[in-house]
Number of protein chains: 2
Amino acid sequence: MMNGRDPLAKLAQLLAKLPGVGRRSAERMALKLARDQGTLIRDLVAALGDVEANLKACSQCGSITRRNEDPCPLCTDARRDDALLCVVEDPSDIVLIERAGGFRGRYHSLMGKLSPMKGEGVEDLRIEALIKRIGDKGVKEVILALGSDVESDATVSFLRQVLASKKVVISRLAFGIPAGSEIAYSDPVTLARALEGRTRL
Amino acid sequence: MMNGRDPLAKLAQLLAKLPGVGRRSAERMALKLARDQGTLIRDLVAALGDVEANLKACSQCGSITRRNEDPCPLCTDARRDDALLCVVEDPSDIVLIERAGGFRGRYHSLMGKLSPMKGEGVEDLRIEALIKRIGDKGVKEVILALGSDVESDATVSFLRQVLASKKVVISRLAFGIPAGSEIAYSDPVTLARALEGRTRL
């Protein structure tokens with residue numbers, strides 16, 4: 001059982017800290033690990049050690065890079081455009097945007113968003129570093145690639161104020177109907193935003 | 001990026017082996033671990049080692065127990081009923097049934113179900129051990145507490161044949177409308193089964 005079996009409860013508690021993992025799935029994961037024993041646990045321990053030993057967050061954009069490649073290839077690639085700076089919440093967003101293709105500027109991960117509920121305030125975000133980067137390099141446009149939830153909205157408002165005095169264009173991702181989706185499955189807010197942002201053909 | 005960053009890809013690949021974790025969520029989890037570095041990784045490594053060092057599958061029922069408590073408390077508890085044997089797919093099912101309460105018999109985890117797609121056959125399940133337990137102890141009823149998916153159905157059919165010659169009642173969990181759910185949200189198969197299994201008031 002979960003209670004009384006401390007090592008299992010402890011492992012589940014740690015797994016639940018990972019993104020998208022709830023209490024229940026963390027328990028299932030911990031039980032699977034305890035059940036299989038040996039190989040999977042040892043492989044995981046080795047892989048975790050390997051990540052810790054060899055990777056780090058890029059000191060410039062915050063994306064994950066090898067320890068001996070800081071700044072990371074995205075920051076040093078001379079073919080990328082310094083004038084475009086894409087601001088994201090998390091390094092994993094950089095992976096998604098790169099996979100989508102089409103963006104050839106630089107990135108800046110805030111490492112979070114304003115979230116009073118989770119106790120994440122302005123001081124937890126990499127905003128000083130963002131301002132410094134805008135001042136240093138020839139950044140002409142800052143693209144706020146944040147989501148459309150309340151916390152992202154709050155973060156966007158805050159950044160707009162902070163960056164108001166800078167001579168840069170500030171833009172935000174388009175909102176609308178997701179690709180491959182039917183109108184019938186869109187919620188009213190999405191539809192309203194898609195209407196508001198309609199484009200001429 | 002994921003490709004070229006071997007330690008990250010390797011970690012994600014291992015995390016994806018855990019139940020309920022897809023490729024995409026495994027990537028997000030790996031990035032979170034790489035991003036946070038330090039504490040979380042070290043705590044996880046310690047917790048995994050602790051689980052490996054202190055827990056094992058009970059040699060009798062297969063549930064997770066401390067190494068110095070085999071057979072586990074569920075198997076040795078004298079207040080539980082030896083006549084009722086509840087057969088489950090996985091130790092995590094035992095946790096769920098215990099949490100639901102009301103069952104005071106013994107358990108037997110098969111450690112899987114028949115799944116040709118995943119290459120899990122009869123030899124991978126703890127069926128020999130099940131037959132032995134039924135012969136040894138005074139088991140009167142074997143409750144097959146398996147799900148209602150195709151693989152569970154196949155496993156139930158197989159176990160019915162295997163246990164046919166034994167002098168035990170074989171039963172299966174009831175199928176029907178889940179608690180708290182409206183008819184409107186039930187799929188046709190669930191509804192048909194609920195009708196078929198209707199109970200007199």
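Order of the sequence lines sets the chain letters (A, B, ...), proteins ahead of strands, with each chain counted from 1.
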Please find the pair of heavy atoms, one from [X] and one from [Y], that lie closest to each other, and give the distance.
{"X": "A:Arg35", "Y": "B:Pro91", "answer": "CD-CD, 3.8 Å"}
{"X": "A:Leu55", "Y": "B:Ala34", "answer": "CD1-CB, 4.4 Å"}
{"X": "B:Asp43", "Y": "A:Leu14", "answer": "O-CD1, 3.3 Å"}
{"X": "A:Pro7", "Y": "B:Val51", "answer": "O-CG2, 3.5 Å"}

Chain B: which of A:Met29, A:Lys56, A:Lys32 shares the most heavy-atom pairs with it under 4.5 Å?
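Ranked by heavy-atom pairs under 4.5 Å with chain B, first place is A:Met29.
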Report the option among A:Gly49, A:Ser25, A:Ala47, A:Gly20 that has the most heavy-atom pairs separated by less than 4.5 Å from atoms of chain B.
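The option with the most such pairs is A:Ala47.
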Roughly how far apart are [X] [atom1] and [Y] [atom2], rounded to 0.5 Å?
{"X": "B:Leu96", "Y": "A:Arg28", "atom1": "CG", "atom2": "CZ", "answer": "8.5 Å"}
{"X": "A:Glu52", "Y": "B:Asp36", "atom1": "CD", "atom2": "CG", "answer": "11.5 Å"}
{"X": "A:Asn54", "Y": "B:Leu8", "atom1": "CG", "atom2": "CG", "answer": "11.0 Å"}
{"X": "B:Lys17", "Y": "A:Leu33", "atom1": "NZ", "atom2": "CG", "answer": "11.0 Å"}
{"X": "A:Leu11", "Y": "B:Asp50", "atom1": "CG", "atom2": "CG", "answer": "9.0 Å"}
{"X": "A:Leu18", "Y": "B:Leu44", "atom1": "CG", "atom2": "CG", "answer": "6.0 Å"}

If you count every heavy atom of other residues, nucleotides or ligands that lies below 6.0 Å from A:Glu123 atom CD, does the total exceed 12?
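Correct, the count exceeds 12.
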Tell me, for B:Leu40 versus chain A, whether the close heavy atoms (under 4.5 Å) come from the side chain, the backbone, both or neither.
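Contact with chain A involves the side chain of B:Leu40 alone.
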